[in-house]
Amino acid sequence: MIQLRNLSAGYSGKPVIEKVTMEFEPGKVTVLVGPNGSGKSTLLKAALGLLPAMEGEVMYEGINIRLLKRKQIAKKAAFLTQSRNTPSIRALQMVLHGRFPYLSYPRYYSKEDYETARQAMKTTGSLPYENTNVTQLSGGQRQGVYLAMALAQDTQAVFMDEPTTYLDISHQFKLMQTARSLALEGKAVVLILHDISLALREGDYIGVFQEGKLLCFDTPDSIYQKGIIEQVFGVSIHRMDTPHGIQYYCTPKEEGNALFPHVR
């Protein structure tokens, strides 16, 4: 269990998120949504100890993150960042970087490290590319490699910052299936998504942010009933029962949108 208690964090002495209280439960998928600049990425960095708290606490299984060393945190939570460099190395070698928290210097990979890395690649569907240079992979294939690197850390929590960006619809579905599988294994999975329909459909809990504040943290059904997303994004949210379960979709708040006059 990872708990945030009245957490405030930011840059250059200025808070970006203020007094956020929420928790990330094992076995659950938590999705953070909100307009650009609302503090979602800042919250993930603070929750991972990459950004120091200005106020409040981050607790890992009842232990204040301030008492944990960087390597200890890396064994508890993995982070798939939004932007990253693309090194010119084989995919398997990239995934093995996820084993760094378990290695001493100089780094020598064991048989177990290779097995863990390959299993992570199998989980994300990237094992066929283990000997391919990362620079030669497509965006979706590359994302699978980066996710495998995070899974190779073998942590109980996995944080992902906008993992579906630039992915086609097929790869988006595969990534969300992986997120659900990780939760079923008992991991706490936390994602930032801009696709509101996807967030409502796939999340066990939704955290809605605006201007650095957590407006609501609840189940998708409760979020929908409260109309909080409509308030924040200025759209209409609709829900319907289908053979594949409850589905959500968004439409413009007003007909005859000035930017998209053809939308009705």
Side-chain angles (χ1 to χ4, degrees), residues 2 4 7 9-11 15-17 20 22-25 28-53 58 60 65 70 73-74 76-87 94-95 97-98 101 120 123-124 126 134 139-153 155-168 171-183 187-200 202-214 217 232-233:
I2 299 175
L4 313 182
L7 180 65
Y11 308 89
V16 175
I17 57 170
V20 174
M22 62 193 310
E23 57 188 32
F24 306 130
E25 294 184 31
K28 301 296 182 181
V29 175
T30 299
V31 183
L32 310 182
V33 301
N36 291 330
S38 59
K40 305 181 299 297
S41 296
T42 299
L43 180 128
L44 289 193
K45 292 176 183 177
L48 287 157
L50 300 174
L51 192 64
V58 177
Y60 278 66
I65 197 173
R70 185 70 250 155
I73 298 172
K76 294 179 178 295
F79 185 30
L80 181 63
T81 62
Q82 179 182 2
S83 58
R84 60 193 75 85
N85 295 324
T86 304
M94 186 73 201
V95 175
H97 287 182
T123 298
T124 65
S126 57
V134 177
Q141 293 168 344
R142 196 177 299 166
Q143 187 75 325
V145 170
Y146 285 121
L147 178 55
M149 181 175 64
L151 300 188
Q153 281 184 231
T155 59
Q156 284 303 301
V158 180
F159 292 74
M160 307 183 206
D161 191 349
E162 299 187 30
T164 60
T165 302
Y166 306 124
L167 296 185
D168 61 39
H171 282 93
Q172 288 183 31
F173 283 142
K174 289 178 181 177
L175 187 140
M176 296 309 300
Q177 288 170 355
T178 299
R180 177 54 58 190
S181 295
L182 295 174
K187 297 182 186 293
V189 182
V190 186
L191 308 97
I192 293 175
L193 294 178
H194 278 296
D195 187 327
I196 302 301
S197 301
L198 191 64
L200 290 169
E202 301 293 345
D204 293 307
Y205 295 103
I206 309 291
V208 184
F209 284 80
Q210 186 175 42
E211 297 180 351
K213 293 180 173 58
L214 177 62
F217 181 54
V232 171
F233 288 94

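One-based numbering along the sequence shown. Quick caveat: nothing in here was measured; it's all calculated off a predicted structure.
For the residue pair A46 and A9, the shortest heavy atom distance occurs at CB-CB, 3.8 Å. Residue I192 comes nearest to S41 through the heavy atom pair CD1-N, 3.6 Å, listed as atom of the first residue, atom of the second, then distance. Of all heavy-atom pairs between L151 and A120, the closest is CB-CB, 3.9 Å.
Taking the six-membered ring for Trp and thresholds of 30 and 60 degrees, F159 and F24 have ring planes more than 60 degrees apart, a perpendicular arrangement.
A side chain to side chain donor-acceptor pair (under 3.5 Å) with H194 holds for exactly one of N36, T164, T165; it is N36. When the options T124, V95, T86 are evaluated for a side chain to side chain contact (heavy atoms under 4.5 Å, CB included) with Y146, the one that passes is T86. Evaluated for a side chain to side chain contact (heavy atoms under 4.5 Å, CB included) with I206, the options L32, L193, I196, V31 yield exactly one hit, V31.
Of the possible donor and acceptor atoms, one in the side chain of Q172 sits under 3.5 Å from a partner among the backbone N and O of L167. No side-chain donor-acceptor contact under 3.5 Å links D204 to the backbone of T30. Checked by atom type and distance alone, the side chain of K40 never pairs as donor or acceptor with a backbone atom of F209 at under 3.5 Å.
The line from CZ of F173 to OG1 of T178 is 13.5 Å long, rounded to the nearest 0.5 Å. The distance from the CG atom of L191 to the CG atom of L44 is 9.0 Å, given to the nearest 0.5 Å.
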Dump the intermediate steps for side-chain contact (heavy atoms from CB on, under 4.5 Å) on L214 and M22, then the final yes or no.
CA-CA 9 Å; L214 177 62; M22 62 193 310; 4.1 Å; yes
Verify side-chain contact (heavy atoms from CB on, under 4.5 Å) between L4 and L43, making sure each step is shown before the conclusion.
CA-CA 9 Å; L4 313 182; L43 180 128; 3.8 Å; yes
Which is it for E25 and I2 under the side-chain contact (heavy atoms from CB on, under 4.5 Å) test, yes or no, and what are the steps along the way?
CA-CA 7 Å; E25 294 184 31; I2 299 175; over 6 Å; no
Step by step, work out the side-chain contact (heavy atoms from CB on, under 4.5 Å) result for E211 and V232.
CA-CA 10 Å; E211 297 180 351; V232 171; over 6 Å; no
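Side-chain contact between M160 and L182 is present, with heavy atoms from C-beta onward closer than 4.5 Å. Within the 4.5 Å cutoff, the side chain of M94 has heavy atoms near those of the P87 side chain. For the pair Y11 and T42, the minimum side-chain heavy-atom distance is below 4.5 Å. No side-chain heavy atom of E162 sits less than 4.5 Å from a side-chain heavy atom of L80. A heavy-atom distance below 4.5 Å is found between the side chains of V29 and R180. A 4.5 Å side-chain heavy-atom check between P163 and L147 finds every atom pair outside the cut-off.
Residues that satisfy the ring-ring contact (aromatic ring centres under 6.0 Å, His included) test with F79, not counting sequence neighbours, are absent from this structure. Taking T155 as the reference, A78, Q153, V158 meet the side chain to side chain contact (heavy atoms under 4.5 Å, CB included) condition, with sequence neighbours excluded.
A salt bridge does not link K174 to D168: none of the charged nitrogens lies less than 4.0 Å from a carboxylate oxygen.
Judged by distance alone, the side chains of Q143 and H171 never bring a donor and an acceptor atom under 3.5 Å apart.
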